[in-house]
Amino acid sequence: MDKTTADGDTVKLLKECDAGIKMGVFAIENVFDNVKDDGLRGLLKDSKNQHEKLKDEILSQLDKHNDDGKNPNPMAKGMSWIKTNMKIAADDDDSVVADLITDGCNMGVKSLSRYLNQYSSADTQSKDITKRLVQIEENLASNIRTYL
């Protein structure tokens, strides 16, 4: 495997993780004020903290490659905001929040898994970071099932 390909895949994978974390944090922040149950609020807060801690690690790795990361697609972010606010306006029950966050987690896991396959030449450390992010998303989706 050529080093240029490996470095390129590493940066691309880290950038996708960065964008995914920003999208996840945005989604959590977007619903947080509507959450009534303290348990659900705690799960969301813990997950947000895990996302932000991993984001620091990603940015540190990207900095080594002279890259400053990636923002989520503005259209996807805007559509997410609209969907969230419309659903919560129609029904502000915690089950709606849990449903929206579960959908987001599932999309994140799917995308990150695709990027792991697509950027298969990425270094072990960036693959590990991606797998940990997938685990954070899977854990949140699993932990909030009781609120669906």
Side-chain angles (χ1 to χ4, degrees), residues 6-89 92-120 122-148:
D7 286 347
D9 277 8
T10 296
V11 170
K12 289 174 186 171
L13 185 57
L14 289 169
K15 286 173 80 162
E16 294 301 342
C17 288
D18 184 36
I21 284 177
K22 288 174 182 172
M23 190 70 181
V25 168
F26 171 78
I28 291 169
E29 289 174 343
N30 199 24
V31 300
F32 198 77
D33 289 341
N34 298 91
V35 175
K36 295 168 190 66
D37 186 270
D38 288 339
L40 179 56
R41 184 180 295 276
L43 290 169
L44 293 172
K45 185 177 179 186
D46 288 347
S47 184
K48 180 183 172 195
N49 290 340
Q50 291 172 24
H51 278 81
E52 289 175 339
K53 183 178 176 189
L54 196 54
K55 181 178 189 237
D56 292 341
E57 193 175 335
I58 289 166
L59 292 178
S60 172
Q61 291 302 310
L62 282 168
D63 192 47
K64 291 178 184 177
H65 292 277
N66 298 314
D67 198 289
D68 57 0
K70 178 180 177 184
N71 287 318
N73 178 307
M75 183 65 88
K77 192 172 175 181
M79 294 302 288
S80 170
W81 184 87
I82 291 168
K83 177 183 175 183
T84 298
N85 286 291
M86 286 181 69
K87 284 195 168 206
I88 289 175
D92 68 347
D93 190 73
D94 283 348
S95 66
V96 173
V97 170
D99 185 57
L100 289 164
I101 294 294
T102 299
D103 285 350
C105 290
N106 291 338
M107 283 190 288
V109 168
K110 183 178 168 183
S111 295
L112 291 166
S113 297
R114 183 181 321 113
Y115 294 130
L116 268 172
N117 293 329
Q118 184 176 348
Y119 303 124
S120 59
D123 69 15
T124 305
Q125 189 170 16
S126 63
K127 287 179 182 179
D128 177 62
I129 288 170
T130 307
K131 290 173 186 172
R132 285 188 281 148
L133 181 52
V134 166
Q135 192 64 56
I136 290 169
E137 297 290 317
E138 288 176 336
N139 287 346
L140 179 57
S142 176
N143 290 337
I144 65 174
R145 283 184 191 141
T146 58
Y147 297 96
L148 291 172

Indicate the atoms forming the closest heavy-atom contact of Leu44 with Val35, along with that distance. CD1-CG2, 3.6 Å

Rounded to the nearest 0.5 Å, how far apart are CD1 of Ile21 and CG of Leu133? 5.0 Å

With Glu29 via side chain to side chain donor-acceptor pair (under 3.5 Å) - residues at least two apart: Lys48

Side-chain donor-acceptor distances from residues 77-85 under 3.5 Å, at least two apart:
residue: Thr84; atom: OG1; partner: Ser80; partner atom: O; Å: 2.8
residue: Asn85; atom: ND2; partner: Trp81; partner atom: O; Å: 2.7

Hey, what do you get for NZ (Lys127) to CG (Asp9), rounding to the nearest 0.5 Å? 8.5 Å

Here the side-chain hydrogen bond (donor to acceptor under 3.5 Å, both in side chains) pairs for residues 134-145, sequence neighbours left out, are His51-Glu137, Gln135-Asn139

Between Gly69 and Leu62, what is the shortest heavy-atom contact and its length? CA-CD1, 3.5 Å

Apply side-chain contact (heavy atoms from CB on, under 4.5 Å) to the pair Ile88 and Leu100, showing each step before the final yes or no. CA-CA 9 Å; Ile88 289 175; Leu100 289 164; 4.2 Å; yes

Could you tell me whether the side chain of Lys45 reaches within less than 4.5 Å of the side chain of Phe32, counting heavy atoms only? yes

Check whether any side-chain heavy atom of Asp18 lies under 4.5 Å from a side-chain heavy atom of Leu14, and answer yes or no. no

Just how far is it from atom OG1 of Thr130 to atom CG of Leu13, taken to the nearest 0.5 Å? 3.5 Å

Asp92: partners by salt bridge (Lys or Arg N to Asp or Glu O under 4.0 Å), with sequence neighbours left out: Lys36

Got a sec, which residues hit side chain to side chain donor-acceptor pair (under 3.5 Å) with Asp128, two or more places apart in sequence or on another chain? Arg132

Rounded to the nearest 0.5 Å, how far does CG of Leu140 lie from SG of Cys105? 4.0 Å

Across all chains, not counting sequence neighbours, the side-chain contact (heavy atoms from CB on, under 4.5 Å) partners of Lys131 are Leu116

With sequence neighbours excluded, residues passing side-chain contact (heavy atoms from CB on, under 4.5 Å) with Ala98: Ile144, Tyr147, Leu148

Could you list all the side-chain hydrogen bond (donor to acceptor under 3.5 Å, both in side chains) pairs where at least one residue sits in residues 99-113, not counting sequence neighbours? none

How long is the straight-line distance from CG of Leu112 back to CD1 of Ile136, given to the nearest 0.5 Å? 10.0 Å

Could you work out, with side chain to side chain donor-acceptor pair (under 3.5 Å) as the rule, every residue matching Ser126, not counting sequence neighbours? Asp123

Measuring from atom CD of Glu52 to atom CD1 of Ile28, what distance do you get when rounded to the nearest 0.5 angstrom? 8.5 Å

Does any pair with a residue in residues 66-76 pass salt bridge (charged side-chain N to carboxylate O under 4.0 Å, His left out), and if so which ones, sequence neighbours excluded? Lys15-Asp67, Glu16-Lys70

Tell me, please, which residues at least two apart from Ser95 pass side chain to side chain donor-acceptor pair (under 3.5 Å). Asp93

